[in-house]
Undergrad: 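Encoded as structure tokens, here's the structure I'll be asking about.
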Amino acid sequence: MAYQKLTSRSENYSQWYNELVVKADLAEQSAVRGCMVIKPYGYAIWERIQAGLDARFKQKGVQNAYFPLLIPKSFLSREAEHVEGFAKECAVVTHHRLMNDPNGRGVVVDPNARLEEELIIRPTSETIIWSTYKNWISSYRDLPILCNQWCNVMRWEMRTRLFLRTAEFLWQEGHTAHASKEEAEDFARQMLDVYAEFVESVMAIPVLKGVKSPNERFAGALNTYCIEAMMQDGKALQAGTSHFLGQNFAKSFDVTYLSKENKPEYVWATSWGVSTRLMGALIMTHSDDNGLVLPPHLAPIQVAIVPIFKQQEQLDTILATINPIADRLQTLGIRVKVDTADNMTPGFKFAEYEMRGVPVRLAIGARDIENGTIEVARRDTLTKETLPLEGIVEHITALLEEIQANIYQKALDFRLANTRNCDSWDEFQVEIQKGGFLACHWDGTPETEEKIKELTKATIRCIPLDAPAEEGKCIYSGKPSHQRVIFAIAY
């Protein structure tokens, strides 16, 4: 049985990505345009992302809830900037019933079942949640409210790509209500730190923490904080956002509380979210021409053990050796699969685990049993070595941490090598075509940012939170600037 290779990244990066998502058994296109089927292996990775983040949210005092999929159109209209930001992406429900066509043309919409008010399939949930919070909040004693929901949303994208941009996608959206501006803004920053820590320590993706320019802010936010990652083709990908919403939604839905001084005050708000787009970031940050590369902290299977046998008797002998090893690894919390299937060759299994990004693969046959050895292959470097069985559990435990650190460092080295200062418009136009992050001076005006985007497709990915003050001149207008911002072409 031959194993099908991927198109190489250097030959066609987009095609490589699309093939990898399908061949690694992560997802596939569905019968609904722009929507995807996430397959069990892909969903297992998403479940690990979900579990890791959910635990971190709960450490911050956040509780999970669930809010409706459908939003009255009038709710969306209450916050002008918000509706303007999402109007072109909204799917609208107008009727509540179908009927058999009396003219024999199959099933049609019942014209008598038109809704009194049209409903929007949520593109995000600020409006339905703030209409609910109005019922929950009356006093400062009711605050803060720290809620999150894991759900799906719909944004009617015209150009879609699995995980990166689909009409329907999975995500979490946190929505909090606070008594003061300072508390709300601080919480928005805290959640940004939660995202950055998880993405770096578990997903092994280095990120820049920053704030969005006014043009790139979430619709209805006063400030949008973000984490930005660099993909292997040099493009940027927004990996997570946390928004300080101020009092915009509280005012739109008249959500007030009585302060300790017995005065009515509008509530302060945040919202924050990451989505299955993180799966796309994971793939494009680490993977290679042989398939997926998964950091051990995230991988559903951390160690795959492949017995090499011809008869059941040989398999039984091998299992007597490796089952205790697998049990010890599992006791240590390591996720192990012993692959005893006899309908694929060992070579095919090796290629499959490579394609699926399993961090460590062990192979053992009858001769290894005689010699007291086992073959250990690591996915990140595609190297293998034969080691004694004695001490193998301790070796693998250490190896998984070594692989995790190596995958992160490789991605960080790539980002650092492809981040550079740029100080003139002529230089910028050349350098932006090479990809990567360009640290440039900008005059702070939306007009300049729009013009740069129009001419080069580059956007300000973030104004880094840790960027030092530095006097300079805007690369486009020549006007004074006080710090560098990060420009890139983005997904």
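Sequence positions, counted from 1, serve as the residue numbers for this chain.
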Undergrad: Within 45° of the six-membered ring axis of Y225 and under 6.0 Å from that ring's centre, is NZ or CZ of R189 located there?
TA: yes
Undergrad: We want to know whether N290 and K5 form a side-chain donor-acceptor pair, criterion being a heavy-atom distance below 3.5 angstrom.
TA: yes
Undergrad: Which heavy-atom pair separates M355 from G291 by the least distance, and what is that distance?
TA: SD-CA, 3.7 Å
Undergrad: Before accepting this row, confirm whether a basic side-chain N of the pair D342/K310 lies closer than 4.0 Å to the acidic partner's carboxylate O.
TA: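 Result for this pair is no, no salt bridge flagged.
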Undergrad: Count the heavy atoms of every other residue, nucleotide or ligand shown that sit under 6.0 Å from CZ of R335, and state whether that count exceeds 12.
TA: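 Result for CZ/R335: enclosed.
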Undergrad: Side chain to side chain donor-acceptor pair (under 3.5 Å) for T386 and E375? Distances and angles first, verdict last.
TA: CA-CA 4 Å; T386 300; E375 182 184 86; 5.0 Å; no
Undergrad: I'd like to know if the side chain of T459 and the backbone of R461 have a donor-acceptor N/O pair within less than 3.5 Å.
TA: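 Not a single qualifying donor-acceptor pair exists.
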Undergrad: Between E470 and H441, is there a side-chain donor-acceptor contact under 3.5 Å, judged purely by atom types and distance?
TA: yes
Undergrad: Any luck finding a side-chain donor-acceptor pair between K212 and Q238 under 3.5 Å?
TA: yes
Undergrad: Please examine the side chains of F198 and Y195, heavy atoms only from C-beta on, and report whether any two atoms are closer than 4.5 Å.
TA: no
Undergrad: For residues A326 and I305, report the shortest heavy-atom separation together with the two atoms involved.
TA: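 Closest approach of A326 to I305: CB-CD1, 4.2 Å.
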Undergrad: Judged by modelled atom types alone, do S201 and E197 share a side-chain donor-acceptor pair under 3.5 Å?
TA: yes
Undergrad: Is there a donor in the side chain of Q149 and an acceptor in the side chain of H175, or the other way round, less than 3.5 Å apart?
TA: no
Undergrad: Would T276 and M36 satisfy side chain to side chain contact (heavy atoms under 4.5 Å, CB included), going step by step from the backbone distance to the final call?
TA: CA-CA 11 Å; T276 38; M36 63 178 167; 3.9 Å; yes
Undergrad: How many angstroms lie between CE in M279 and CD1 in I38, if you round to the nearest 0.5 Å?
TA: 7.0 Å
Undergrad: How many angstroms lie between atom CG of L362 and atom CG of L329, to the nearest 0.5 angstrom?
TA: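 One gets 7.5 Å once the value is rounded to the nearest 0.5 Å.
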Undergrad: Are S125 and R122 side-chain neighbours, meaning at least one heavy-atom pair lies under 4.5 Å?
TA: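 Contact flag for S125/R122 side chains = yes.
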Undergrad: Would you say the side chains of S14 and R161 form a donor-acceptor pair under 3.5 Å?
TA: yes
Undergrad: After noting the C-alpha distance and the side-chain angles of W442 and S213, does the key distance pass the side chain to side chain contact (heavy atoms under 4.5 Å, CB included) rule?
TA: CA-CA 11 Å; W442 165 60; S213 64; 3.9 Å; yes
Undergrad: Strictly distance-based, threshold 3.5 Å: is any side-chain N or O of D339 a donor or acceptor partner for the main-chain N or O of A341?
TA: yes
Undergrad: Determine whether P464 and K209 make a side-chain contact, defined as any pair of heavy atoms from C-beta on separated by less than 4.5 Å.
TA: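 The answer is no; the side chains never approach within 4.5 Å.
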Undergrad: Counting C-beta onward and ignoring hydrogens, is there a side-chain heavy-atom pair between L332 and V393 closer than 4.5 Å?
TA: yes
Undergrad: Might you work through the salt bridge (Lys or Arg N to Asp or Glu O under 4.0 Å) test for E352 and K23, ending with a clear yes or no?
TA: CA-CA 9 Å; E352 181 176 43; K23 291 180 181 177; over 6 Å; no
Undergrad: Run the side chain to side chain contact (heavy atoms under 4.5 Å, CB included) check on Y43 and L170 step by step: do they pass?
TA: CA-CA 11 Å; Y43 200 80; L170 304 182; 3.8 Å; yes
Undergrad: For the residue pair T7 and N12, confirm or rule out a side-chain donor-acceptor distance under 3.5 Å.
TA: no
Undergrad: Over 60° means perpendicular and under 30° means parallel, so classify the ring planes of W16 and Y13, tilted if in between.
TA: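 Tilted: the ring planes of Y13 and W16 meet at 30° to 60°.
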Undergrad: Can you tell if the side chain of T176 reaches within under 4.5 Å of the side chain of W272, non-hydrogen atoms only?
TA: yes
Undergrad: Once rounded to the nearest 0.5 Å, what's the spacing between atom CD1 of I463 and atom CD of E216?
TA: 10.5 Å
Undergrad: Restricting to non-hydrogen atoms, name the atom on Q483 and the atom on P468 that form the minimum distance, rounded to 0.1 Å.
TA: CB-O, 3.8 Å
Undergrad: Is the distance from the ring center of F428 to that of F487 below 6.0 Å?
TA: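 They qualify: ring centres under 6.0 Å apart.
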Undergrad: So for atom CD, which belongs to E313, do other residues, nucleotides or ligands contribute more than 12 heavy atoms lying within a distance under 6.0 Å?
TA: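 At most 12 heavy atoms, drawn from other residues, nucleotides or ligands, come within 6.0 Å of this atom.
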Undergrad: When rounded to the nearest 0.5 angstrom, what is the spacing between CD in E449 and CD1 in I460?
TA: 3.5 Å
Undergrad: What's the shortest heavy-atom distance between R56 and V194, and which atoms?
TA: CB-CG1, 3.8 Å
Undergrad: Under a 4.0 Å threshold between the charged nitrogen and the carboxylate oxygen, would D193 count as salt-bridged to K60?
TA: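 Salt bridge absent between K60 and D193.
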Undergrad: Any non-hydrogen side-chain atom of I403 less than 4.5 Å from a side-chain atom of R379?
TA: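 No - every pair of side-chain heavy atoms lies 4.5 Å or more apart.
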Undergrad: Identify whether the distance between the nearest side-chain nitrogen and carboxylate oxygen of R9 and D288 falls below 4.0 Å.
TA: no
Undergrad: Strictly distance-based, threshold 3.5 Å: is any side-chain N or O of D368 a donor or acceptor partner for the main-chain N or O of G365?
TA: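 Yes.
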Undergrad: If you look at every heavy atom in A411 and A204, which pair is closest and at what distance?
TA: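 Scanning both residues completely, I find the closest heavy atoms to be CB-O, 4.1 Å.
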Undergrad: Could you tell me whether the side chains of N406 and E402 share a donor-acceptor contact shorter than 3.5 Å?
TA: no
Undergrad: Write down the atom of C35, the atom of S30, and the distance for their closest heavy-atom approach.
TA: O-OG, 2.9 Å
Undergrad: Please evaluate residues D423 and R484 with respect to the criterion salt bridge (Lys or Arg N to Asp or Glu O under 4.0 Å), reporting the C-alpha separation (whole Å), side-chain torsions for both, the decisive distance (0.1 Å), and the verdict.
TA: CA-CA 10 Å; D423 293 308; R484 292 180 185 269; 2.8 Å; yes
Undergrad: Within this structure, what is the OG1-CD1 distance for the pair T321 and I374, rounded to the nearest 0.5 Å?
TA: 9.0 Å
Undergrad: Using the rule given for ring pair (Phe, Tyr, Trp, His ring centres under 6.0 Å), can you reason through F218 versus H82, listing the C-alpha separation, both sets of side-chain angles and the distance that settles it, and then say yes or no?
TA: CA-CA 8 Å; F218 177 75; H82 192 66; 5.7 Å; yes
Undergrad: Do the ring planes of H178 and F187 sit parallel (below 30°), tilted (30 to 60°) or perpendicular (above 60°)?
TA: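 H178 vs F187 ring planes: tilted.
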Undergrad: Apply the test side chain to side chain contact (heavy atoms under 4.5 Å, CB included) to residues W171 and C151: give CA-CA distance (whole Å), side-chain angles for both, the deciding distance (0.1 Å), then the verdict.
TA: CA-CA 6 Å; W171 77 347; C151 64; 3.6 Å; yes
Undergrad: Rounded to the nearest 0.5 Å, what separation is found between the CD1 atom of I205 and the CG atom of L282?
TA: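 The distance works out to 5.5 Å.
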Undergrad: Could you tell me whether the side chain of S271 reaches within less than 4.5 Å of the side chain of H243, counting heavy atoms only?
TA: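 Sidechains of S271 and H243: in contact.
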Undergrad: Look only at the side chain of T132 and the backbone of I128, and say whether a donor-acceptor pair between them is shorter than 3.5 Å.
TA: yes
Undergrad: If only atom types and distance count, is the side chain of R277 paired as donor or acceptor with the main-chain N or O of L164 below 3.5 Å?
TA: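 It does hold such a pair.
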Undergrad: Under the 3.5 angstrom rule, does the side chain of R415 hit a backbone N or O of V207 as a donor-acceptor pair?
TA: yes
Undergrad: Within 45° of the axis and under 6.0 Å from the centre of the six-membered ring of Y41, does NZ or CZ of R356 qualify?
TA: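 Flagged: R356 positioned over aromatic ring of Y41.
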Undergrad: When you measure from the centre of the six-membered ring of F86, is the NZ or CZ of R155 under 6.0 Å away and within 45° of the axis?
TA: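 No, R155 and F86 do not form such a contact.
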Undergrad: Walk me through whether Y17 and D233 qualify under side chain to side chain donor-acceptor pair (under 3.5 Å).
TA: CA-CA 11 Å; Y17 174 85; D233 61 349; over 6 Å; no
Undergrad: Is there side-chain contact between K434 and R420, with at least one heavy-atom pair below 4.5 Å?
TA: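 When only atoms from C-beta onward are counted, R420 and K434 do touch, with a gap below 4.5 Å.
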